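Report on one structure; see the data block that follows.
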Amino acid sequence: MTVTAQETRSRERFLASLHHRQPSGVPIDFGGTSVTGIHATCVAALRDYYGLEKRPVKIHEPFQMLGLVEEDLRAAMGIDVVGVFARKTMFGFPADHWKTWRFHGLEVLVPGDFNVTVDDRGDTLIYPEGDTTVAPSGRMPEGGFFFDCIVRQEAFNEEELDPEENMEEFTPISQEDLDHLARSVQAAAETGLGVIASFGGTALGDIALVPGPFLKHPKGIRDVAEWYVSTRSRQDYIHRIFQRQCEVAIQNLERIHAATGNSVDAVFLCGTDFGTQTSSFCSENTFRSLYFPYYKQLNDWIHAHTSWRTFKHSCGSVIRFIPAMIEAGFDILNPVQCSATGMDPEKLKSTFGEKLVFWGSGVDTQQVLPFGTAAEVREQVLRRCEIFAAGGGFVFNTIHNIQAKTPVENIVAMLDAVGEFNGRS
């Protein structure tokens with residue numbers, strides 16, 4: 001593969017932003033992670049808009065039904081970042097051996113073990129590891145566009161709760177998975193773009209993972225509400241899980257780094273959400289006592305042994321947690337939900353802009369991008385770029401994934417606005 005001059009500039013622009021240097025324009029990420037992606041239906045619409053080769057979109061992340069942004073579409077959209085993903089999906093089967101499936105009138109490609117049934121309500125059910133002989137772990141309502149976890153909490157005796165049951169998924173990385181990551185990182189590095197990797201195993205209490213959609217028979221505390229209660233009332237239990245998880249994660253990171261080196265620029269470390277639209281899921285004290293020690297262990301190891309930057313995802317109003325996130329060693333915050341309470345763009349940039357890269361925040365995906373006019377999209381994008389790009393430390397993305405039914409004209413207006421801003425810089 002020959003790296004073009006444009007791709008070299010893309011990487012330079014991306015690295016400049018990660019290192020808080022003034023880049024020659026704002027770098028763009030779409031498709032680099034499971035929280036900066038594009039719904040498969042929108043990927044198909046973008047391919048049509050740009051006149052790209054007619055072929056089915058690959059749904060590489062079936063939980064949210066995200067479409068793979070392939071090389072030709074990355075080029076058309078002006079994307080500066082490419083992602084590396086774990087071998088297996090959220091439902092525990094590999095993203096390989098593609099087969100066709102009909103989805104909202106589109107012929108798409110899904111992994112070979114993407115096995116579903118339809119219940120008497122018309123809902124689509126999906127199964128862990130593709131095994132239809134066990135209970136389903138995900139449900140897509142009739143007419144829906146993504147899956148929700150099915151909670152399969154077994155009855156438990158409070159006196160007999162064993163943290164080991166919540167540790168089933170934290171195991172040494174297999175050679176097959178390690179080989180996959182090594183190949184994927186090499187291929188990503190050869191594009192000449194910035195590289196962000198999602199290695200897995202480092203999320204602490206990510207509520208999308210707690211129910212174990214990838215496990216056939218999840219044990220321990222798997223109910224979402226019960227888990228949140230446990231972070232207050234069973235903290236010793238949670239501490240034991242996080243302690244073991246960190247031990248295994250660091251052992252795995254050692255092997256991953258030995259296999260991939262420093263070709264990765266940023267690593268998606270954790271997607272646990274701490275904010276709601278108006279408040280938070282826990283107090284600052286709980287964050288510092290329960291999560292902070294383990295975040296710091298992971299960040300400290302990465303910063304001591306690699307050149308990777310660390311990426312923390314959390315939706316909602318998280319301004320109260322940002323000082324602790326920085327202290328724990330996170331380099332990057334995503335998605336920067338500016339519509340949430342206290343998340344004023346100018347305040348965030350002026351207060352934390354020298355210590356934190358803002359990855360996201362480019363346009364609101366709850367109202368402006370899906371329901372606004374192209375002119376309104378352009379106006380917000382230009383304003384956000386003016387605020388967050390000053391002095392570097394900004395990677396453009398929407399506030400979380402681009403959702404189904406977002407007008408393609410608005411997506412293009414967003415990309416054109418970033419191009420317009422970059423033409424001025």
Side-chain angles (χ1 to χ4, degrees), residues 34-35 37-45 56-68 86 88-157 165-166 168-169 206-230 271 273 276 315 365-366 370-371 400-407:
S34 62
V35 292
I38 309 176
H39 194 271
T41 56
C42 294
V43 172
V57 172
K58 288 182 176 179
I59 296 179
H60 72 108
E61 204 283 69
F63 188 72
Q64 300 172 99
M65 299 299 283
L66 299 182
L68 186 66
K88 292 184 177 180
T89 70
M90 282 274 286
F91 291 108
F93 48 75
D96 60 16
H97 299 104
W98 303 93
K99 63 185 181 183
T100 58
W101 191 58
R102 296 295 295 181
F103 181 56
H104 287 277
L106 290 173
E107 182 180 88
V108 297
L109 293 176
V110 295
D113 287 330
F114 178 101
N115 296 324
V116 296
T117 59
V118 178
D119 69 10
D120 55 7
R121 297 188 301 184
D123 296 352
T124 299
L125 306 176
I126 194 167
Y127 296 81
E129 300 183 31
D131 186 350
T132 56
T133 68
V134 300
S137 59
R139 177 188 300 276
M140 184 188 298
E142 183 179 12
F145 288 90
F146 53 83
F147 287 95
D148 298 311
C149 271
I150 295 175
V151 172
R152 295 164 293 155
Q153 174 74 67
E154 296 186 358
F156 61 84
N157 184 324
E165 293 187 334
N166 269 98
E168 177 183 353
E169 55 264 52
D206 186 331
I207 210 62
L209 303 176
V210 165
F214 38 81
L215 298 174
K216 293 184 181 183
H217 303 286
K219 305 291 185 182
I221 297 175
R222 299 293 177 172
D223 178 76
V224 171
E226 196 67 52
W227 178 267
Y228 278 127
V229 168
S230 299
D273 286 326
T276 69
C315 293
T365 45
Q366 291 180 318
F371 303 118
H400 219 299
N401 299 320
I402 295 178
Q403 298 297 313
K405 304 181 78 172
T406 300

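Nothing here was measured: the structure is a model prediction, and the numbers come from that model.
The existence of a salt bridge linking R121 and E142 is excluded, since no basic side-chain nitrogen approaches an acidic carboxylate oxygen closer than 4.0 Å.
Shortest non-hydrogen contact noted between G37 and N401 is N-OD1, 2.5 Å. When all heavy atoms of C149 and A208 are compared, the closest pair comes out as SG-O, 3.7 Å. Nearest heavy atoms, G67 versus V57: CA-CG1, 3.7 Å. Of all heavy-atom pairs between E169 and F214, the closest is CB-CE1, 3.7 Å. Contact record, H400 with C315: CD2-SG, 3.4 Å, taken as the closest heavy-atom pair.
Screening residues 88-105 for side-chain hydrogen bond (donor to acceptor under 3.5 Å, both in side chains), with sequence neighbours left out, gives K99-N115.
Between P211 and V224, some side-chain heavy-atom pair lies under the 4.5 Å cut-off. Side-chain contact between F147 and T124 is present, with at least one heavy-atom pair separated by less than 4.5 Å. At least one side-chain heavy atom of T117 sits less than 4.5 Å from a side-chain heavy atom of Y127. Side chains of I126 and F93 form a contact here, defined as non-hydrogen atoms less than 4.5 Å apart. Using a 4.5 Å cut-off on side-chain heavy atoms (C-beta onward), P94 and D113 make contact.
Proximity of a side-chain donor or acceptor of Q153 to a complementary backbone N or O of D223 within less than 3.5 Å is detected. The backbone N or O of I221 sits less than 3.5 Å from a side-chain atom of N166, completing a donor-acceptor pair. In this structure a side-chain-to-backbone donor-acceptor pair under 3.5 Å is present from E61 to F63. Looking at R222, its side chain does come within 3.5 Å of a backbone N or O of V210 through a donor-acceptor pair.
When P136, P218, S137 are each tested for a side chain to side chain contact (heavy atoms under 4.5 Å, CB included) with P128, only one passes: S137.
Atom CD1 of residue I207 and atom CG of residue D273 lie 9.5 Å apart, to the nearest 0.5 angstrom. The distance from atom CD of E168 to atom NE2 of H217, rounded to the nearest 0.5 Å, is 9.5 Å. Summarising the geometry, atom CE belonging to M65 is positioned 6.0 Å from atom NE2 belonging to H39; distances are rounded to the nearest 0.5 Å. Between H60 atom NE2 and L66 atom CG the span is 5.0 Å, to the nearest 0.5 Å. M140 CE to L125 CG: the interatomic distance, rounded to the nearest 0.5 Å, is 10.5 Å. Within the model, atoms CZ of F146 and CZ of R139 stand 14.0 Å from one another, a figure rounded to the nearest 0.5 Å.
Residues meeting the salt bridge (Lys or Arg N to Asp or Glu O under 4.0 Å) test with E165, sequence neighbours left out: none.
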